[in-house]
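A short write-up of the structure that comes next.
Below, chains carry the letters A, B, ... as their sequence lines are ordered, and counting in each starts from 1. Fair warning: this is a prediction, and the values are worked out from it, not measured in the lab.
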There are 2 protein chains.
Amino acid sequence: MPVMDLAARLGGAARIETFKADTVLFHRGDVTRHMFGVVDGQAYLRRTTIEGAEIVVHRALGGDLFAEAALFSSSYHCDGIAVAGARIAWFEKTALLDMMQTDGRFAVAFCRRIAGQVQRLRSNIELRAIRSAEDRIMAALSLRLGEGETRYEPAGSWKGFAAEIGLTHEALYRALKRLEQAKRLRRDGPVVELGV
Amino acid sequence: MPVMDLAARLGGAARIETFKADTVLFHRGDVTRHMFGVVDGQAYLRRTTIEGAEIVVHRALGGDLFAEAALFSSSYHCDGIAVAGARIAWFEKTALLDMMQTDGRFAVAFCRRIAGQVQRLRSNIELRAIRSAEDRIMAALSLRLGEGETRYEPAGSWKGFAAEIGLTHEALYRALKRLEQAKRLRRDGPVVELGV
DNA sequence: CGTCCGCTTGACTCAGATCAAACTTGGTGG
DNA sequence: CCACCAAGTTTGATCTGAGTCAAGCGGACG
């Protein structure tokens with residue numbers, strides 16, 4: 001169920017907007033009125049711990065839905081941010097819920113998406129439990145790469161990548177360096193090449 | 001949609017079993033044929049990191065569904081374990097999917113459950129990102145307690161609780177001791193009382 | 001009665017966090 | 001066109017607190 005198809009089916013209950021600079025789509029605690037879709041660019045969900053650390057809980061790229069869980073909650077549980085240059089689709093919550101109620105196929109498809117999130121989040125927890133920075137990075141890269149792929153370029157910056165996997169950027173850069181010295185990967189500007 | 005109601009609706013596509021000792025319901029990688037429900041007792045999902053650490057990704061108590069995400073995946077992504085004494089309901093995957101397809105209300109209700117999991121998992125990630133053992137414990141207790149509640153007793157053991165929030169049991173016990181000394185909580189056998 | 005397992009405490013280690021500073025790079029605006 | 005600013009990148013020095021290993025206690029259960 002690609003984002004644009006969904007927008008077409010919802011008609012007036014959907015609109016698309018482009019953002020020049022980083023923009024907060026919603027704050028934690030706001031009443032939920034919309035679910036979102038990333039048409040182009042990226043958006044991410046952010047939470048802040050009591051210690052003040054900001055952690056990226058989810059990053060959505062072009063084609064992804066965003067804040068699906070908000071459909072079933074009265075308030076957002078994270079901050080939602082659209083990255084500069086992103087095109088974001090706004091879907092009205094009520095329209096989507098109606099559609100699910102009446103269209104079983106759609107409901108199942110939607111459920112499948114959310115179930116996928118659950119598994120990704122569990123992988124994320126497993127990932128963050130890896131103590132060694134090097135192993136954590138390698139595991140994160142494996143998760144992000146498809147079968148047989150060997151090159152990776154982070155969406156955004158390496159600094160952002162560090163936040164996503166729960167490392168400080170200093171620890172990340174140092175570990176990347178060690179990995180390169182150990183010939184477990186090679187760096188070439190913003191992209192890394194796995195294995196040698 | 002309580003577990004027993006679901007079992008009744010599914011008829012022959014559901015069965016209930018009781019386990020004397022800890023039992024593995026499924027292994028990571030097994031083909032998914034069932035979703036589960038905890039009638040009584042508890043069950044948990046476990047993953048093992050490359051470093052060999054076993055982490056508890058989810059713990060289900062009486063009345064909870066278990067391994068919902070398996071419905072939309074061809075293989076399990078975690079190990080599923082029934083704790084000694086648990087009564088577990090087995091639901092056939094295909095029967096459930098059919099039911100969702102035909103009954104929109106049921107599909108939405110099911111989706112709501114999974115969406116709830118997503119939010120709990122995100123809270124969990126936030127929780128595990130808290131570095132200080134003391135703060136992490138306090139945050140975990142807050143999450144588990146309802147509004148106004150002040151007493152908590154872990155399902156299972158404190159050791160298990162430690163695994164759930166990503167601490168070693170030693171670190172947990174030490175932090176509990178410090179928290180008690182700082183009068184942020186009081187321990188009384190297996191239960192803790194928040195705030196003095 | 002013995003074994004298992006949760007609980008508890010101690011001593012030590014170490015890897016990542018933290019603080020600090022320099023250097024790229026890209027974009028803005030005068 | 002260049003000064004300037006913001007943000008990412010890189011490296012160094014130091015610190016800290018959770019992990020690890022080790023050992024002893026006590027209750028439950030067969």
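- One can place CD of B:Glu153 at 11 Å from P of C:dC7, the figure rounded to the nearest angstrom.
- Considering only residues two or more places apart in sequence or on other chains, B:Thr49 meets the side-chain hydrogen bond (donor to acceptor under 3.5 Å, both in side chains) condition with none of them.
- Under the 4.5 Å side-chain contact rule for hydrophobic residues, B:Leu65 and B:Leu61 do not share a cluster.
- Terminal axes of the helix from C:dC1-D:dG30 to C:dG30-D:dC1 (five pairs each, C1' rotation axis) are separated by 40°, to the nearest 10°.
- Evaluation of the side chain to side chain contact (heavy atoms under 4.5 Å, CB included) rule for A:Leu194 yields A:Met138, A:Leu141, A:Leu145, A:Thr150, A:Val192 as partners, not counting sequence neighbours.
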When you compare the protein's N or O atoms with those of nucleotides 14-16 of chain C, which come within less than 3.5 Å of each other, and at what distance?
residue	atom	partner	partner atom	Å
C:dG16	OP1	A:Arg131	O	2.9
C:dG16	OP1	A:Ala133	N	2.5

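- Heavy-atom contacts from other residues, nucleotides or ligands closer than 6.0 Å to CZ of B:Arg186 number 12 or fewer.
- Between the P atom of D:dG17 and the CD atom of A:Glu51 lies a distance of 11 Å, rounded to the nearest Å.
- Between the side chain of A:Arg184 and the backbone N or O of A:Leu179 there is no donor-acceptor pair closer than 3.5 Å.
- A straight line from CG of B:Leu176 to P of C:dT9 spans 10 Å, rounded to a whole angstrom.
- For D:dT11, the OP1/OP2 oxygens have a side-chain nitrogen or oxygen of A:Lys177 closer than 4.0 Å.
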Which side-chain N or O atoms in residues 81-94 of chain A pair as donor and acceptor under 3.5 Å with protein atoms at least two apart or in another chain?
residue	atom	partner	partner atom	Å
A:Trp90	NE1	A:Glu17	OE1	3.4
A:Lys93	NZ	A:Thr32	OG1	2.8
A:Lys93	NZ	A:Ser73	O	3.2

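- The 12-atom threshold is not exceeded at CZ of B:Arg120, counting heavy atoms of other residues, nucleotides or ligands nearer than 6.0 Å.
- The side chain of A:Tyr173 contributes no N or O atom lying less than 4.0 Å from OP1 or OP2 of D:dT10.
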List the atom pairs, donor and acceptor, that lie under 3.5 Å between side-chain atoms in residues 159-172 of chain B and the rest of the protein, sequence neighbours left out.
residue	atom	partner	partner atom	Å
B:Glu164	OE1	B:Arg144	NH1	2.9
B:Glu164	OE2	B:Arg59	NH1	2.5
B:Thr168	OG1	B:Ala171	N	3.2

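- Interatomic distance, B:Asn124 CG to B:His58 NE2, rounded to the nearest 0.5 Å: 10.5 Å.
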Report summary line: Under a 4.0 Å heavy-atom criterion, the protein footprint on nucleotides 25-30 of chain C, written with B, S and -, is ------
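- Atom CG of A:Leu172 and atom C1' of C:dA17 are 14 Å apart (whole Å).
- For residues 172-183 of chain B, the pairs satisfying side-chain hydrogen bond (donor to acceptor under 3.5 Å, both in side chains) are B:Glu134-B:Arg178, with sequence neighbours left out.
- The distance from the CZ atom of A:Phe66 to the CE atom of A:Met35 is 11.0 Å, given to the nearest 0.5 Å.
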Can you give me the N/O atom pairs linking the protein to nucleotides 23-27 of chain D at distances under 3.5 Å, or say none if there are none?
none

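- Evaluation of the side-chain hydrogen bond (donor to acceptor under 3.5 Å, both in side chains) test over residues 101-110 of chain B, restricted to residues two or more places apart or in two chains, returns B:Arg9-B:Asp103.
- Residue side chain A:Arg174 reaches the base of D:dG12 through a donor-acceptor N/O pair under 3.5 Å, judged by distance alone.
- A donor-acceptor pair under 3.5 Å links the side-chain atoms of A:Asp79 to the main chain of A:Arg28, judged by distance alone.
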Requested in this report: Could you please spell out the steps behind the side chain to side chain contact (heavy atoms under 4.5 Å, CB included) verdict for A:Leu45 and B:Arg122?
Outcome: CA-CA 10 Å; A:Leu45 290 174; B:Arg122 286 185 182 143; 3.3 Å; yes
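- One hydrophobic cluster holds both A:Tyr76 and A:Leu25 under the rule that ILVMFWY side chains link at heavy-atom gaps under 4.5 Å.
- Taking the side chain of A:Glu170 as heavy atoms from C-beta on, and the options D:dT9, C:dC19, C:dT9, the nearest nucleotide is C:dC19.
- Of the residues in residues 181-195 of chain B, not one places a heavy atom less than 4.0 Å from an atom of DNA chain D.
- Rounded to whole angstrom, the span from the CG atom of B:Asp22 across to the C1' atom of C:dC4 amounts to 13 Å.
- For A:Arg131, there are no side-chain hydrogen bond (donor to acceptor under 3.5 Å, both in side chains) partners at least two apart in sequence or on another chain.
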